[in-house]
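Worksheet: the structure to be examined is printed underneath.
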Amino acid sequence: MKEKMEKTFDDVTQKVTGGSKAGAIVVAVIMIILGLLFIAWPFGTGLLMMAVATVGFVIYGIYKIVSYISAKSDERKGWDLASGIIFAIIGLLIMVETPAGMMVTFAFVLGFIAISGGINSIVASSEIRKAGEKGGGWVMTSGIINLIIGGFFLFAPFGTWLVFDYVLGIFLMVAGAAFLIESLSGGGKNRPKAA
């Protein structure tokens, strides 16, 4: 298992950096700087993330609408068109908000998505149990976690964004530091295998 994880890490680092040690160091430093920005400037980085995600909503919505229109009539699904319109409208509505309003609206959208996913997971876990298959408990746990996270986004949008920014910042700094150490120690394909 450990060798498989190391191989996966090596594959990812090789793809990201093209096998270049200097490239790996640059990527690691960028990760550390981004992590520091998320911790030092949570409101600004949160707005930047929301802006990128909001543009993604609009692009995804337009893509779904165009896909629906360009599909053959017997292959068209009404839900594709409806979801495309919903995503495009939500994205446009978030874009016209003030920064604080943008954060709250986006938090509500994420909250509803998390709650919807949680409900789906809980329903799926009961179906898994009825079928007598294993893994229903994990699916149920995932659903409950989604419900809790969704509740936080709905009832404490600013606090949840702050916690999310700090967790992401810490993750980026730790991952960037590990990647930097890996790069400086001659990691990658030339790294000696664990005994």
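The first residue of the sequence shown is numbered 1, and numbering continues consecutively from there. If you're wondering where the values come from, they're calculated on a predicted model, not measured in any experiment.
Atoms CD1 and CG, from Ile115 and Asn146 in turn, are 9.5 Å apart once rounded to the nearest 0.5 Å. The structure places CG of Leu154 at 10.5 Å from CG of Leu147, a figure rounded to the nearest 0.5 Å. Interatomic distance, Asp80 CG to Glu75 CD, rounded to the nearest 0.5 Å: 11.0 Å. For the atom pair CD1 (Ile113) and CZ (Phe153), the distance works out to 10.0 Å, reported to the nearest 0.5 Å. Interatomic distance, CZ of Phe179 versus CD1 of Ile32, reported as 10.5 Å (0.5 Å rounding). Here CH2 of Trp41 is found 14.0 Å from CG of Leu36. Values are rounded to the nearest 0.5 Å.
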Using atom types as modelled, flag every donor-acceptor pair under 3.5 Å from a side chain in residues 88-110 to any protein atom, sequence neighbours excluded.
unit_1, atom_1, unit_2, atom_2, d
Thr98, OG1, Gly101, N, 3.1
Thr105, OG1, Gly101, O, 2.8

I'd like a table of donor-acceptor pairs (distance under 3.5 Å, sequence neighbours excluded) in which one partner is a side-chain atom from residues 122-143, with atom names and distances.
unit_1, atom_1, unit_2, atom_2, d
Ser125, OG, Ile122, O, 2.7
Ser126, OG, Val123, O, 2.7
Thr141, OG1, Gly137, O, 2.8

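Nearest heavy atom pair, residue Pro42 against residue Tyr166, reads CG-OH, 4.1 Å. The minimum heavy-atom distance between Ala175 and Met31, with the atom names listed, is CB-CE, 3.5 Å.
Checked by atom type and distance alone, the side chain of Thr160 pairs as donor or acceptor with a backbone atom of Ala156 at under 3.5 Å.
The neighbour count for Phe158 CZ, taken as heavy atoms of other residues, nucleotides or ligands under 6.0 Å away, is above 12. The number of heavy-atom neighbours closer than 6.0 Å to CZ of Phe43, taken from other residues, nucleotides and ligands shown, is above 12. Shown here is Phe152, whose CZ atom has no more than 12 heavy atoms of other residues, nucleotides or ligands within 6.0 Å.
Side-chain atoms of Phe38 and Met173, non-hydrogen and from C-beta on, never get closer than 4.5 Å to each other. For the pair Lys64 and Tyr60, the minimum side-chain heavy-atom distance is below 4.5 Å.
Hydrophobic clustering (ILVMFWY, side-chain heavy atoms < 4.5 Å, transitive): Ile33 and Leu48 are in distinct clusters.
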Practice problem: Check the pair Ile39 / Asp165 against side chain to side chain contact (heavy atoms under 4.5 Å, CB included), numbers first and verdict last. | Solution: CA-CA 7 Å; Ile39 290 172; Asp165 272 356; over 6 Å; no
